[in-house]
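For the single chain, residues carry numbers from 1 onward in sequence order. These values consider heavy atoms only, across backbone and side chains, with no hydrogens, waters or symmetry-generated copies.
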Amino acid sequence: MQHKVKVTVLDKKLYPELQVQYCADPISGECPCYQIGDEFIFERYGNADDFWHMGLNTLRQSAKPADGTAGGTRFPHCSEAWDAISRYIYTGLQGGAIMRGWMNDERIMITCCSDGTRPVIFKIERMDYKAVYVEGINCDRCRERIKEALSGINEVTDVAFREELSEEYIEVFLEKDISDDLISDAVKNCGEYRVKKID
């Protein structure tokens, strides 16, 4: 089983009375690094190790992308936010319970950065998947057939085809763990395909 972590910006708050009273720039305004709806995906598989780069290039969706957007191609996550969220991201990438007993799903945490005058609220979510390497996939029709079969398994939430160093594999995202045999059987029932390995 492999793990990714999705970080979503749920909200941004602003306390102008605190900025006026305490900040060097009394009208500094809301956080410029994040926008509500921004989504970041942290990976740690194959050549990807986003955690050790403070989330550089993890931005997948933004309402207002710009050069200064956190998690983009030129700017990692803000140090105030990174200090608050990095431990949850690391735990999720290792497959651990992000916040057992506090959230109603131990794979999720709602948290915020430590800027007291303009905090950003984040949803941090562990995404569990298996990397499935299959021989015999030669066309898009093959991919569609396999995706449809895998999507028919109750615990599967999504299926995506990826490429790593010129080798294609399938990410099978799961609501809960399932046996490798269940995945192998679904692929084999699609035709002349052979599952080489499942990580």
Check the surroundings of atom [atom1] in [X]: do more than 12 heavy atoms from other residues, nucleotides or ligands lie under 6.0 Å from it?
| X | atom1 | result |
| --- | --- | --- |
| Lys12 | NZ | yes |
| Glu17 | CD | yes |
| Glu148 | CD | no |
| Asp25 | CG | yes |

Measure the spacing between [atom1] of [X] and [atom2] of [Y] and express it to the nearest 0.5 Å.
| X | Y | atom1 | atom2 | answer |
| --- | --- | --- | --- | --- |
| Arg74 | Thr69 | CZ | OG1 | 11.0 Å |
| Asp128 | Ile178 | CG | CD1 | 11.5 Å |
| Met127 | Leu93 | CE | CG | 11.0 Å |
| Ile85 | Cys112 | CD1 | SG | 11.0 Å |
| Met54 | His77 | CE | NE2 | 8.5 Å |
| Arg143 | Ile137 | CZ | CD1 | 6.5 Å |

Can you give me the closest heavy-atom contact between [X] and [Y], atom names plus distance?
| X | Y | answer |
| --- | --- | --- |
| Ser184 | Ile198 | OG-CD1, 3.8 Å |
| Tyr129 | Phe173 | CB-CD2, 3.7 Å |
| Gly71 | Phe40 | CA-CE2, 4.0 Å |
| Ala81 | Cys113 | CA-CB, 3.7 Å |
| Cys33 | Cys78 | SG-CB, 4.3 Å |
| Leu56 | Gly72 | CD1-O, 3.4 Å |

Does [X] reach the main-chain N or O of [Y] with its side chain, forming a donor-acceptor pair under 3.5 Å?
| X | Y | value |
| --- | --- | --- |
| Asn189 | Asp185 | yes |
| Arg126 | Gly96 | yes |
| Ser179 | Leu182 | yes |

Worked check of side chain to side chain contact (heavy atoms under 4.5 Å, CB included) between Val134 and Ile170: CA-CA 8 Å; Val134 178; Ile170 306 165; 3.8 Å; yes
Is it true that [X] and [Y] make a salt bridge, defined as a side-chain N closer than 4.0 Å to a carboxylate O?
| X | Y | result |
| --- | --- | --- |
| Lys13 | Glu30 | no |
| Asp177 | Lys130 | yes |
| Glu175 | Arg107 | yes |

Hydrophobic cluster membership, with links at side-chain heavy-atom distances under 4.5 Å among I/L/V/M/F/W/Y: are [X] and [Y] in one?
| X | Y | value |
| --- | --- | --- |
| Ile36 | Ile110 | no |
| Ile124 | Ile108 | yes |
| Val5 | Trp102 | yes |
| Met103 | Ile89 | yes |
| Leu14 | Ile121 | no |

Between Tyr169 and Asp199, do the side chains contain a donor N or O and an acceptor N or O under 3.5 Å apart?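 No, no side-chain donor-acceptor pair sits under 3.5 Å.
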Short side-chain donor-acceptor distance under 3.5 Å, Ser62 and Asp38: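 Indeed, the side chains of Asp38 and Ser62 share at least one donor-acceptor pair under 3.5 Å.
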For Asp50, give me all partners under side-chain contact (heavy atoms from CB on, under 4.5 Å), at least two apart in sequence or on another chain.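 Counting only residues at least two positions away or on another chain, Asp50 forms a side-chain contact (heavy atoms from CB on, under 4.5 Å) with Phe42, Glu43, Thr58.
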With salt bridge (Lys or Arg N to Asp or Glu O under 4.0 Å) as the test, would you mind laying out the steps for Arg141 and Glu144 before giving the verdict? CA-CA 5 Å; Arg141 180 66 190 124; Glu144 288 169 17; 3.7 Å; yes
Heavy-atom check, side chain of [X] versus side chain of [Y], under 4.5 Å:
| X | Y | value |
| --- | --- | --- |
| Val9 | Asp11 | no |
| Pro26 | Gln19 | no |
| Cys142 | Tyr193 | yes |
| Glu171 | Lys4 | yes |
| Cys31 | Asp115 | no |
| Arg118 | Ser28 | yes |
| Arg87 | Trp82 | no |
| Thr91 | Met109 | no |

Test side chain to side chain contact (heavy atoms under 4.5 Å, CB included) applied to Leu59 and Asn57, step by step: CA-CA 6 Å; Leu59 181 65; Asn57 295 314; over 6 Å; no
Please confirm whether Lys196 makes a cation-pi placement over Tyr133, using NZ or CZ under 6.0 Å from the six-membered ring centre and within 45° of the ring normal.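 Geometry flag: not set, cation outside 6.0 Å or 45°.
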Residues which pass salt bridge (Lys or Arg N to Asp or Glu O under 4.0 Å) with Lys6, listed by chain and number, not counting sequence neighbours: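 Here the qualifying residues are Glu39.
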Mind checking whether His3 and Tyr45 have ring centres under 6.0 Å apart?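 Aromatic pair excluded; centres sit 6.0 Å or further apart.
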Worked verdict on Tyr22 versus Tyr15 for side chain to side chain contact (heavy atoms under 4.5 Å, CB included): CA-CA 11 Å; Tyr22 295 106; Tyr15 299 100; over 6 Å; no
Using the ring of each side chain (for Trp, its six-membered ring), is Tyr34 parallel, tilted or perpendicular to Phe122, with breaks at 30° and 60°?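 Taking Phe122 first and then Tyr34, their aromatic rings stand perpendicular (interplane angle over 60°).
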